[in-house]
Amino acid sequence: MEFKLEAHRIVSISLGKIYSARGQRGGLKLHKNLLVSLVLRSARQVYLSEPGCPPEPPPAAAGHPEEEPPPHTAAWAAEEPPPPPPQDEAGRDCQGPRPRRCCCGENRGGCAGAPPPPHCPRKRSAGERGQAGSPVKKPRREEEEPPPMPPPPSPPGEQEDMETGNVASLISIFGSSFSGLLSKEPKGRRRPPLDGGEAAASTAPAEAAAEPGQICCDEPVLRTLNPWSTAIVAF
Amino acid sequence: MFGGWGGGGVLTLCCSSSLKSAFFLFLPPADIISTVEFNHTGELLATGDKGGRVVIFQREPESKNEPYNQGEYNVYSTFQSHEPEFDYLKSLEIEEKINKIKWLPQQNAAHSLLSTNDKTIKLWKITERDKRPEGYNLKDEEGKLKDLSTVTSLQVPVLKPMDLMVEVTPRRIFANGHTYHVNSISVNSDCETYMSADDLRINLWHLAITDRSFNIVDIKPANMEDLTEVITASEFHPHHCNLFVYSSSKGSLRLCDMRASALCDKHSKLYEEPEDPSNRSFFSEIISSVSDVKFSHSGRYMLTRDYLTVKVWDLNMETKPVETYQVHDYLRSKLCSLYENDCIFDKFECAWNGSDSVIMTGAYNNFFRMFDRNTKRDVTLEASRESSKPRAILKPRRVCVGGKRRKDDISVDSLDFTKKILHTAWHPTENIIAIAATNNLYIFQDKVNSEMH
């Protein structure tokens, strides 16, 4: 269990580093970011392999009554199908458990085939734990606690919805290997997530004020997506 | 030969230069020293800093009048090597920080060195002028044309001595060779070519040709998503102009032979030590990344530095290093905090002494370590202003990890991780070392044994 918490913490620190790397003078440091991504992968693997991790849901995800996967979410979760418009994505983020769950299922299928699938399963598990009930909310809160500034107060339910939305978007970002941050999506998609992120920010100011250091941040990660991928593509 | 390292040891290092830190003391963080390098005779010592400046020190010739002042290093020249630039295509600023300086072997009265930042390598020529012609017929002392009517006789201009002036000029600029950040340069023993390495590629340049270079190593994967390792350092063999080595972030070394093929993607030898499974942690990969590689002067061995150890490799043995020295193993249990504060990414350099019998590397708290390969003894010393008054003798330090603690020991938890010694250099033939501690430069000399044994 201890290892799981440690792994969780390391994941959040790593993501914070990747985020802050984009603003560094002199451009992206390839070596450092590669090492950070390797640590991220190790931590995720430990997190998954620990016995405390709940079993993976079946792809259908039909077990939980409240998580019937809506068809549009399936489309959003998968990488190959054409990208949905940004507004829909932002809306789906806030829909609560359903998109994330389904995303897990979808991405799992997608991930299994992809060579190293590092990040997706970890995130899935983090989200699932949030689902299971109040005792499992603890890990997520712990995730939030490490950053220096606590998240702004907001109704717990709404926050959890934001969280699961964040997790879902993170899953899609880390969908495949090291450059999961580099989306396989067509170029056109890279701009929409940014706008989608900002749209979400305008609709949920409490959420938008969440610090970049926090792991489950929607906007900062989405904002990261664009410059990061630009940097890597430029390389 | 270096003898005992204890209190009365043969090696008694003392601070040789009163100038040691004065030059760097009052300056802002831009003047953090980023590289230190002696030239081939040890007469000159170059330092580069984060602000793109290069400062060259020259050793004063020994004088019988002041025997204690023999061999002090004083500032010889200062110049701005690199300026910050902006890459408009990628919207990225290019830092002016000098990553590496390498001296060229001296071939005439002038000295030359290569300095590089993340993208551009420059060849600088350093010349002295200590005479100036006087007695021109057509112009006066200030260079203004004379009124011809005042010229009544002809004279031959003569060279008169003047105050020494050191002139530094950029002779070549090797630009646009690298997409990624240049981490090392190395001059070939043929004195005609040199190589520059970035994260994914190594280029071979001719010193006289700036508009093209040959790519000799390319480890960029076709799909960047498959990237698993980067090049961290590289160096030419000191004697064989066809051999060079490069280290990777996975802890391996590759020796390449340029005679084998034009593109040296296939190594001739791969030096790799299997990981110790009992030491596995989240950070195993980071701490195994090699931050520096140096051939021994003999060319027989290579020295590598990773986060916690220095290792000596025999060129003839690829399976494991012949010697491993723990630099600061007490940090192994603190890797998570060091990851958090980014210290785990610090790139320490390493150095051989002139006879390849002692190796040196830096650590935290302004400590640096020396390992005698023959006696297997090691010492920890500190570069600090308090302990480094001129002619003061350095006292060995000790880090205690719990258990019995002696007076003057430092506990692991009170180490200052902002004071790191990343860059060190050893005089090519004598027991003189240059230690860069953030924005201070310390020069220490072995008082008793100035000459190498």
Side-chain angles (χ1 to χ4, degrees), chain A residues 3 5-14 16-17 20-47 114-118 146-147 174-184 213 226-235, chain B residues 50 84-87 89-97 99 117-119 178-181 183 198-201 219-221 223-233 247-250 280-291 307 335-342 344-347:
Chain A
F3 292 123
L5 296 179
E6 164 115 356
H8 223 248
R9 182 163 163 253
I10 289 173
V11 164
S12 85
I13 294 170
S14 303
K17 285 190 194 301
S20 60
R22 55 183 282 266
Q24 263 176 3
R25 192 167 173 248
L28 203 70
K29 305 258 186 288
L30 192 63
H31 183 199
K32 181 177 174 187
N33 285 279
L34 177 66
L35 294 176
V36 169
S37 75
L38 293 174
V39 168
L40 191 53
R41 191 183 304 182
S42 300
R44 180 199 56 85
Q45 282 169 353
V46 164
Y47 191 74
F174 291 122
S176 62
S177 76
F178 158 71
S179 297
L181 282 177
L182 214 207
S183 65
K184 278 182 189 162
N226 196 7
W228 176 272
S229 56
T230 308
I232 296 228
V233 163
F235 279 145
Chain B
K50 216 169 165 203
E85 285 173 52
F86 197 78
D87 181 339
L89 188 64
K90 298 178 194 169
S91 292
L92 292 173
E93 196 176 358
I94 300 169
E95 277 190 281
E96 67 276 29
K97 173 168 78 85
N99 292 334
N117 68 349
D118 282 339
K119 295 286 180 185
H178 289 279
T179 308
Y180 303 93
H181 294 133
N183 53 54
D198 65 30
D199 292 316
L200 298 179
R201 299 192 178 104
I219 64 168
K220 182 178 177 183
N223 190 350
M224 275 297 270
E225 294 182 15
D226 301 330
L227 181 71
T228 56
E229 78 184 309
V230 297
I231 298 168
T232 52
S247 60
S248 83
S249 54
K250 276 188 170 171
R280 184 112 184 90
S281 76
F282 289 122
F283 309 105
S284 296
E285 277 142 336
I286 300 188
I287 63 170
S288 66
S289 175
V290 173
S291 52
Y307 192 63
L335 294 178
C336 193
S337 340
L338 294 166
Y339 178 70
E340 220 172 331
N341 64 16
D342 272 358
I344 208 174
F345 301 105
D346 287 335
K347 297 186 183 171

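Being a predicted model, the structure only gives us computed values, none of them experimental.
- When heavy atoms are compared at a cutoff of 4.5 Å, B/Y339 approaches chain A by way of both its backbone and its side chain.
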Side chain to side chain contact (heavy atoms under 4.5 Å, CB included) evaluation trace for A/R9 with B/E340: CA-CA 10 Å; A/R9 182 163 163 253; B/E340 220 172 331; 2.3 Å; yes
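- When heavy atoms are compared at a cutoff of 4.5 Å, B/S289 approaches chain A solely by way of its side chain, counted from C-beta outward.
- B/K347 touches chain A through its side chain: at least one heavy atom from C-beta onward sits under 4.5 Å away, while N, CA, C and O do not.
- Of the inter-residue distances, the one linking A/H31 atom NE2 with B/I286 atom CD1 reads 8.5 Å to the nearest 0.5 angstrom.
- With a 4.5 angstrom heavy-atom cutoff, B/T228 touches chain A only via backbone atoms.
- In this structure the side chain of A/L34 never reaches within 4.5 angstrom of the side chain of B/D199, judged on heavy atoms.
- Residue B/E85: no heavy atom, backbone or side chain, is found under 4.5 Å from chain A.
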B/F283 and A/L35: side chain to side chain contact (heavy atoms under 4.5 Å, CB included), yes or no, with the steps? CA-CA 9 Å; B/F283 309 105; A/L35 294 176; over 6 Å; no
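- By the side-chain hydrogen bond (donor to acceptor under 3.5 Å, both in side chains) test, B/D342 is found to be paired with A/K17, A/K32, residues two or more places apart in sequence or in another chain being considered.
- Looking at every heavy atom in both residues, B/P84 comes nearest to A/R25 through CB-NH2, 3.6 Å.
- For the residue pair A/E6 and B/C336, the shortest heavy atom distance occurs at OE2-SG, 3.8 Å.
- One finds the NZ atom of A/K29 at 6.0 Å from the CG atom of B/D118 (value rounded to the nearest 0.5 Å).
- With a 4.5 angstrom heavy-atom cutoff, B/I344 does not touch chain A via any of its atoms.
- For the side chain to side chain contact (heavy atoms under 4.5 Å, CB included) with B/F282, the lone residue among A/L38, A/I10, A/V11, A/L40 that qualifies is A/I10.
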